[in-house]
Each structure stands twice: as structure tokens, then as C-alpha cells.
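One structure below.
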Amino acid sequence: NIKMALYKHSSEQKKIESIKKRVLTDFYDLIQKSISDYADYSDEDLKDTLLDIFSKRLEEELPSFDARMAELGLDYEKDDIEDIFEAYLNYLSDLLLSVGIRSKTDYDENGYRIEFLNCPWKEEAEKKPMFCLNCLATINHSLKWTDIEARMDRKNTIAEGNPVCIFKLY
């Protein structure tokens with residue numbers, strides 16, 4: 001049993017490393033291609049374009065929230081919005097953990113606060129802050145899957161020297 005557990009842990013670590021490397025490679029390829037295609041864009045236009053590209057990529061590669069809803073027996077029409085949102089927060093936490101990001105969620109009178117406790121790409125993001133758009137797109141796009149009307153703001157990032165990345169959902 002111990003050998004099996006160690007093998008499973010080792011396999012999961014290799015999978016996480018593979019995903020992190022693929023994200024890095026895709027990001028750098030995308031940036032190189034985008035620089036020539038979008039040379040006349042402003043920084044804000046480029047950011048919006050990259051967010052859109054990352055979002056489309058996520059749609060293709062991430063496990064669907066609808067599948068999670070079905071797995072939990074939840075229905076948008078019949079179930080309480082709080083239950084659906086809790087399912088989303090658990091889904092997001094699992095999704096982030098699958099790429100090596102530990103997260104924590106808190107709630108206060110101002111909404112939900114999602115903290116990323118680590119960044120698997122910290123060195124890359126410190127050099128190229130646009131890299132943080134990957135996580136921003138993940139939360140933004142996956143939130144849209146819930147059909148819950150909510151607003152999301154990024155408050156700070158590890159790449160900017162903060163101890164955690166913080167996102168607020170209102």
C-alpha cells in the first residue's frame with residue numbers, strides 16, 4: 001500500500017510538472033507570436049487580447065464545470081445559487097491544485113476572497129507580469145461557466161512581491 005501511495009504521489013507530481021511546463025511553453029510561444037501580430041496595440045489592448053486567447057484555450061483544455069455539477073447532482077434551475085457557487089469554489093480549488101496552486105477561500109460582508117498561497121511560475125511572472133493573465137483568465141472564464149452574475153477583481157499578485165495573489169468576487 002505504501003509503494004502504491006508513493007507511486008501515485010510521484011505520478012501526480014510528474015503530471016503537475018508536465019502541465020506547468022506546457023503552460024510555460026504555450027505562454028512564451030503565444031507572446032512571441034503576438035508581439036509581431038499586435039505591435040500596434042496598446043498595453044491594454046494586448047492584455048485584453050491575451051485574456052481572450054487564454055480564455056478560449058481554457059475552454060478547450062479544462063474539465064467542464066457542468067460535468068462537476070452533474071457529478072454532484074446539482075441543477076441550475078432547481079438548486080440554490082449558494083450551493084452552485086460553493087460547488088464552483090470547490091471546482092476552482094481542485095482545478096488550481098491540479099496545476100500546483102494551493103488556494104484558500106474566505107467570505108466576508110464584501111464578498112469572497114480567493115488567495116493563491118503559492119505560484120508555480122513565480123520567477124517567470126516576476127520577469128513578465130503578463131504571465132499572471134493565465135490565472136486571471138482561469139478565474140474569469142471559469143466563473144462565466146457558472147452563469148452566476150458576479151464581478152471579479154485581482155487585488156494583488158505574488159509576482160508583484162506580495163505574499164499571496166488575491167482575487168475578490170462580488
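Quick caveat, the model's predicted, so the values are computed rather than measured.
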Rounded to the nearest 0.5 Å, what's the gap from [atom1] on [X] to [atom2] on [Y]? Could you check?
{"X": "C135", "Y": "I101", "atom1": "SG", "atom2": "CD1", "value": "4.0 Å"}
{"X": "T105", "Y": "E86", "atom1": "OG1", "atom2": "CD", "value": "8.5 Å"}
{"X": "D147", "Y": "Y88", "atom1": "CG", "atom2": "OH", "value": "12.5 Å"}
{"X": "D153", "Y": "F167", "atom1": "CG", "atom2": "CZ", "value": "10.5 Å"}
{"X": "K155", "Y": "I114", "atom1": "NZ", "atom2": "CD1", "value": "13.0 Å"}
{"X": "I148", "Y": "I81", "atom1": "CD1", "atom2": "CD1", "value": "4.0 Å"}

Using the side-chain contact (heavy atoms from CB on, under 4.5 Å) rule, take K168 and D108 through it: C-alpha gap first, then chi angles, then the decisive distance, then the call. CA-CA 10 Å; K168 291 285 287 186; D108 63 27; 3.7 Å; yes
Test your reading of the model: is there a side-chain donor-acceptor pair from [X] to the backbone of [Y], 3.5 Å cut-off?
{"X": "N162", "Y": "I158", "value": "no"}
{"X": "N118", "Y": "R102", "value": "yes"}
{"X": "S93", "Y": "L89", "value": "no"}

Parallel, tilted or perpendicular for Y112 and Y107, by the 30°/60° rule?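 Tilted.
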For a side-chain contact (heavy atoms from CB on, under 4.5 Å) check, start with the C-alpha distance between I84 and M69, then their side-chain angles and the critical distance, and finish with the verdict. CA-CA 8 Å; I84 293 171; M69 291 276 293; 3.9 Å; yes
Restricting to side chain to side chain contact (heavy atoms under 4.5 Å, CB included), what partner residues turn up for K104, sequence neighbours left out?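 Residues passing side chain to side chain contact (heavy atoms under 4.5 Å, CB included) with K104: D106, E115, L117.
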Can you confirm whether F85 sits close enough to N90 that some side-chain heavy atom of one is under 4.5 Å from a side-chain heavy atom of the other?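 Not touching, per the 4.5 Å side-chain cut-off.
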Electrostatic pair K127:E123 at N-O distance under 4.0 angstrom: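 Salt bridge absent between K127 and E123.
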Looking at every non-hydrogen atom in both residues, tell me the closest pair between [X] and [Y] and how far apart they are.
{"X": "C132", "Y": "R154", "value": "CB-NH1, 3.4 Å"}
{"X": "N110", "Y": "Y170", "value": "O-CD2, 3.1 Å"}
{"X": "D79", "Y": "G73", "value": "OD2-O, 3.9 Å"}

According to a hydrophobic-cluster definition based on side-chain heavy atoms being under 4.5 Å apart (Ile, Leu, Val, Met, Phe, Trp, Tyr only), do I166 and L169 belong together?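 No, because I166 and L169 fall into different hydrophobic clusters, even though each may have its own neighbours under 4.5 Å.
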Same cluster (ILVMFWY, side-chain, under 4.5 Å), V164 and W121: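 No: no chain of side-chain contacts under 4.5 Å links V164 to W121.
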Would R68 pass as a cation-pi partner of Y91, given that its NZ or CZ must be under 6.0 Å from the six-membered ring centre and within 45 degrees of the axis?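 Not satisfied by the 6.0 Å and 45° rule.
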